[in-house]
Each structure stands twice: as C-alpha cells, then as structure tokens.
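One-based numbering, in listed order, for ligands and for the atoms of each. Side chains included, hydrogens not; waters and symmetry mates left out as well; all remaining heavy atoms used.
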Amino acid sequence: MRLTVIGTGYVGTVHAACMADLGHDVLGIDVDADRIATLSAGRPPVHEAGLSDLLARNISAGRLRFTTSLAAGARFADVHFVCVGTPQRPDGKEADLRYVDAVVDGLVPHLRPGALIVGKSTVPVGTAARLGRRVAAAAPGCEVAWNPEFLREGSAVHDTLHPERLVVGTFSRRADAVLRELYGPMLRAGVPYFGTDPATAELVKVAANSFLATKISFINAMSEVCEAAGADAALLARAIGADSRIGPLFLEPGLGFGGSCFPKDIRAFAARAEELGAGDSVVFLHEVDRINTRQRRRTVELARRLLGGSFAGHRVGVLGAAFKPGSDDVRDSPALEVAAAVRAGGASVRVHDPEALDNARAVLPEVTYTLDVPKACEDADLVLHLTPWPHYARLDPAALAYVVRRPLLLDARGALDAEAWRAGGWTVNTLDRYETEAAS
Ligand code: NAD
C-alpha cells in the first residue's frame, strides 16, 4: 500500500522505515528541510538500534522516500500517518495540538477522494472526533482514525516491527479494514489487534503511560519511606516484584522518569479529565508527578551532602545524559537536570554519554562533555550514575578508582553492582542508603 508518515522524529522515522520494511511504499514528510536532507541521504536523525540499516535497506529498495511537501504527500497516498509532536503547552499543562492541527489543515485541501488520516501522536481524548468533523466538512468522504504508538525509545525499531499489541480506533468499518490490511503481516504473525472507537484508542495510550508512571513513582515513594526507616528499597522492590500480580518491571527505585512522554502525558491527561468533569478520578496523577520531580531534588541534595554540604570547588563526574539508555533523547532528562543543578551549585561537571552528547550540549552548554568515561571521572570527588546505560555496568570499578580524586559513587539508578564497586575500592551510595560521613 502507499502511505505517508508526517513528522519524522523518533516515532515517525521509525514508523516510516518499518512500514517500508513491511513492503509498503512510504513517503516521509517533515517541515524540517535539514532533517529531510539527512534522511534522504540515508542517515537517521535520531539514535535507535537498527534504524540505520533499516533506512538504508528500504531507501535502496525504492520503498522509502522523503519530502517537505505535504501537498505532494496528499497526492501520493490514501493513508496518512500523523506523527508530529504534542508537547506540553508553554502556558499550561494541556497538550499543545498546534502541530497536529497544522498537518490536518495542510492535508485537507489536497486529499485524494476517500483518504484516511491516521493519528499516531499522543492526544487528549476527543481529538480524533474534533478533527474528524473538520475533515468531513472540508473533504467529504475522507476520514480520521487513531492508532496510538507504544514504542519505547531505545528499542523503537524492535517495538514497531514486533508490537505487543496494535490499538486502532476508527469511525467506520472501511477505515478498520484499511488498517487491518496495512498491518496484515503483523496480524498474521499473531500480534493482538484491538479494534475500537477513536476515543477508547486515545485513552488506551494515556492510561498505559499513566499506569507505568504510577508504578515508577510508587516504588520511589516506597524508597523515600525506606530511607526514613533505614530499610532497603532495592530489596523491597525485588521482593514485591516477585509477586506475579505486581511484576518486577518498572519497579526500580531511583531518579525517576523523564523524556518527552510520561511527564507531559500525565499532565495533559489530568488536564483533559478536568475539562471532562472527571478530574477527581485521576487526581493521583498530580502526586505521581510530584513524587517524580522530588527524586531529582533528592539526588541533588544527597550529592551535596556526600560532598560535605556544598558543591563549590568540587569536581563531579556524571555518567549519562540521555533520559534513558539506548536513546540520544535529552528532552526533560533527569540526568541533565541533576547535572545542571550540580553545576549551578558551583561544581565543575564532566558528563559522559555514549550517544546523547550533541543533544545534551545544545541544552546544557555550561558543563564539559566527553565520550571517554575515565576522562569524565578524572580527579572527581564524586561520580554520579544517572542514566543506566549497560556500558556502565561493565566498567572496571578498580581501574576507575585510580583516576578519581575520591572513589565516591552515588548510583541514583541503583543499577550498578554495589558489591563489585565496593570491592574495587568505592564507597557506594543509593538514594535510600548512603554514608554521608564519607564526606568529612
Ligand atoms: P519529535 O519531536 O521527535 O518529532 C516530531 C517531528 O514532527 C519533528 O521532526 C518536527 O519537525 C515534525 N513536524 C512538526 N510540525 C510538522 C508539520 N506541520 N508537518 C510535518 N512535520 C512536522 O516527536 P516524537 O518523539 O517522535 O513524538 C511524536 C508523537 O508521538 C508525540 O505525540 C509523542 O507524544 C508520541 N509518542 C512518542 C513516543 C516516543 O518515545 N518518542 C512514543 C509513543 C508516542
């Protein structure tokens, strides 16, 4: 089938390449001409495992092209996936829908008869209905559907080619049939398909993100209680996660969530529920958000205590800048927020990250960046582990102890092997278990 993918960011680039890989004829569209030039040259604009090969293979097979022209896209295909950003509004907690609206308004005058616009962006419930009315009025016979995206940055290609489920909200059987045909190879491979109405599809996405964010904040709240009680949050997490009704995933006490989805999605969901008169039902999301934000302050304050009460004059090595491992995305990155606060407190800060340094430099130019872990840690009085890249779990703690001024570690992700680091000569601290007397 012929289709367009509009918005070639983290979601759109991966979706376009994966749809081409399924055998479809795909045109990727973006307003960013530099990005389109990069993609046309076969270079991915974002870091995702496997994306480079996928792009190269499908471009050279002639199934994947890119353009900045929405009108050309409208003429090219009958199915248009909308993958543009829906960030938090600058003046509130609601989602900013201006990019989604601009795409729909830009497509409508040029649509082929019967075209289908399929939203993948995360939107407030009711958006598909609103846009559907606009499309039906301006281009009778054309319609809107919603097919939210569940990929995880860091494993986006795998998640798109092998999703745990497809959720598709349509206003007609015809639209549902089009999407079943488009995803045919996945359905034949046994991927569950939840066909529903658009409002339910929109809500599945924000409900899933709210649940995951709540799970993370729950264990972080428990970690705060463990800290006060002198109990072990990591063991508590493993022990409650062993209950099959709870499960171990997303139950790792630490610095909390960030990125371009969870924080803005739970805020937008709470704001939308309020508009619908159901604000009380999701009031807990405000607390989930507060607990999460607190972990960043908690990390900064513990780092300060470990350094004897002040950052001034100290050197701090930081492991990680991306908001999560496997990605170069630093949007609302907890690691960068902590690094910025430590720098603002007067420390000299050197940050290592294997993939996110260019993006990090653009957001936080006040610190030094390096692709070399020993350089990041050289002469450090404290090392902060802030993004749990697998690379850091494979470091040689004894060798790294030689380059620092003081082998003092704050593992704010609780992901390193504390025993191995202690054996390598380090004092190891986590958010709930620390030895501040080490500073004296
Ligand atoms: P992104 O910021 O990486 O990419 C958005 C792209 O859209 C940019 O390249 C931008 O130039 C382009 N764009 C903006 N306006 C445009 C227009 N009028 N026409 C064409 N292109 C335009 O965003 P993202 O992270 O890929 O997220 C996209 C959507 O998917 C959001 O709603 C997000 O919440 C949702 N989502 C993201 C993820 C994720 O992990 N990043 C996962 C699931 C869902």
*How many angstroms lie between CZ in Arg75 and OG in Ser69, if you round to the nearest 0.5 Å?*
6.0 Å
*Side chain, backbone, both or neither: which part of Lys205 has a heavy atom under 4.0 Å from ligand 1?*
side chain
_Tell me whether Arg165 forms a cation-pi arrangement with Phe150, defined as NZ or CZ under 6.0 Å from the six-membered ring centre and within 45 degrees of its axis._
yes
*Answer yes or no: are there more than 12 heavy-atom neighbours, outside Asp280 itself, under 6.0 Å from its atom CG?*
no
*asked:* Can you classify the ring geometry of Phe81 versus His15 as parallel (below 30°), tilted (30 to 60°) or perpendicular (above 60°)?
replied: perpendicular
*Report the residues that fulfil side chain to side chain donor-acceptor pair (under 3.5 Å) with Tyr392, sequence neighbours left out, ordered by chain and then residue number.*
His352
*Which residue and heavy atom of the protein sit nearest atom 15 (N) of ligand 1, plus the separation*: Tyr99 CD2, 3.7 Å
*Quick one: nearest non-hydrogen protein atom to atom 35 (C) of ligand 1, plus distance?*
Thr122 OG1, 3.5 Å
*asked:* Please list, in number order, the atoms of ligand 1 under 4.0 Å from a heavy atom of Arg35.
replied: 9 (O)
*What are the atoms of ligand 1, with element, lying closer than 4.0 Å to any heavy atom of Gly7?*
6 (C), 7 (O), 12 (C), 21 (N)
*asked:* Any carboxylate oxygen within less than 4.0 angstrom of a Lys/Arg side-chain nitrogen, looking at Arg394 and Asp417?
replied: no
_Numbering as shown, the atoms of ligand 1 that approach Val103 to under 4.0 Å (heavy-atom distance)_ = 17 (C), 18 (N), 19 (N)
*Basic-acidic side-chain contact under 4.0 Å: Asp265, Lys205*: no
*Identify, for atom 28 (C) of ligand 1, the protein heavy atom at the shortest distance, and state residue, atom and that distance.*
Cys83 O, 3.3 Å
*Considering distance alone, does some N or O of Asp265 sit under 3.5 Å from an N or O of ligand 1?*
no
*Looking only at protein heavy atoms, which one is nearest to atom 39 (C) of ligand 1, and how far off is it?*
Glu153 OE2, 3.4 Å
*Does at least one non-hydrogen atom of Arg331 fall below 4.0 angstrom from an atom of ligand 1?*
yes
*Among protein heavy atoms, which sits nearest to atom 4 (O) of ligand 1, and what does the distance come to when rounded to 0.1 Å?*
Gly9 CA, 3.2 Å
*Quick one: look up the protein heavy atom nearest atom 5 (C) of ligand 1 and list residue, atom name and how far away it is.*
Gly85 N, 3.7 Å
*Using heavy-atom distances, let me know which of Val31, Leu107, Asp30 sits nearest atom 19 (N) of ligand 1.*
Val31
*Arg134/Asp101 salt bridge by N-O under 4.0 Å criterion*: yes
*Near Tyr10, which atoms of ligand 1 are under 4.0 Å from a heavy atom of that residue?*
3 (O), 25 (O), 26 (O), 41 (N)
*Are Arg57 and Asp21 within salt-bridge range, i.e. N to O under 4.0 Å?*
yes
_Residues that Arg343 engages under salt bridge (Lys or Arg N to Asp or Glu O under 4.0 Å), provided they are two or more places apart_ = none
*Can Glu301 and Arg298 be counted as an ion pair, charged N to O under 4.0 angstrom?*
no
*Note the single closest protein heavy atom to atom 26 (O) of ligand 1, along with its residue, its atom name and the distance in Å.*
Val11 N, 2.8 Å
*Taking N or O atoms only and a 3.5 Å limit, does Lys264 qualify as a polar contact for ligand 1?*
yes
_For ligand 1, the portion of Ile6 having any non-hydrogen atom under 4.0 Å away_ = side chain
_Tell me whether Arg2 forms a cation-pi arrangement with Phe76, defined as NZ or CZ under 6.0 Å from the six-membered ring centre and within 45 degrees of its axis._
yes
_Within the 4.0 Å heavy-atom shell around Thr86, which atoms of ligand 1 are there?_
31 (C), 32 (O), 34 (O)
_Which of the ligand 1 atoms, numbered from 1, are nearer than 4.0 Å to a heavy atom of Val84_ = 7 (O), 13 (N), 14 (C), 15 (N), 16 (C), 21 (N), 22 (C), 28 (C), 29 (C), 31 (C), 32 (O)
_Check this for me: does any side-chain nitrogen of one of Asp329 and Lys324 sit under 4.0 Å from a carboxylate oxygen of the other?_
no
*For atom 43 (C) of ligand 1, closest protein heavy-atom neighbour*: Glu149 O, 3.3 Å
_Checking contacts here: is it the side chain or the backbone of Cys261 that comes within 4.0 Å of ligand 1, counting heavy atoms only? Could be both or neither._
side chain
*Pick one of side chain, backbone, both or neither for how Leu151 approaches ligand 1, counting any non-hydrogen atom pair under 4.0 Å.*
both
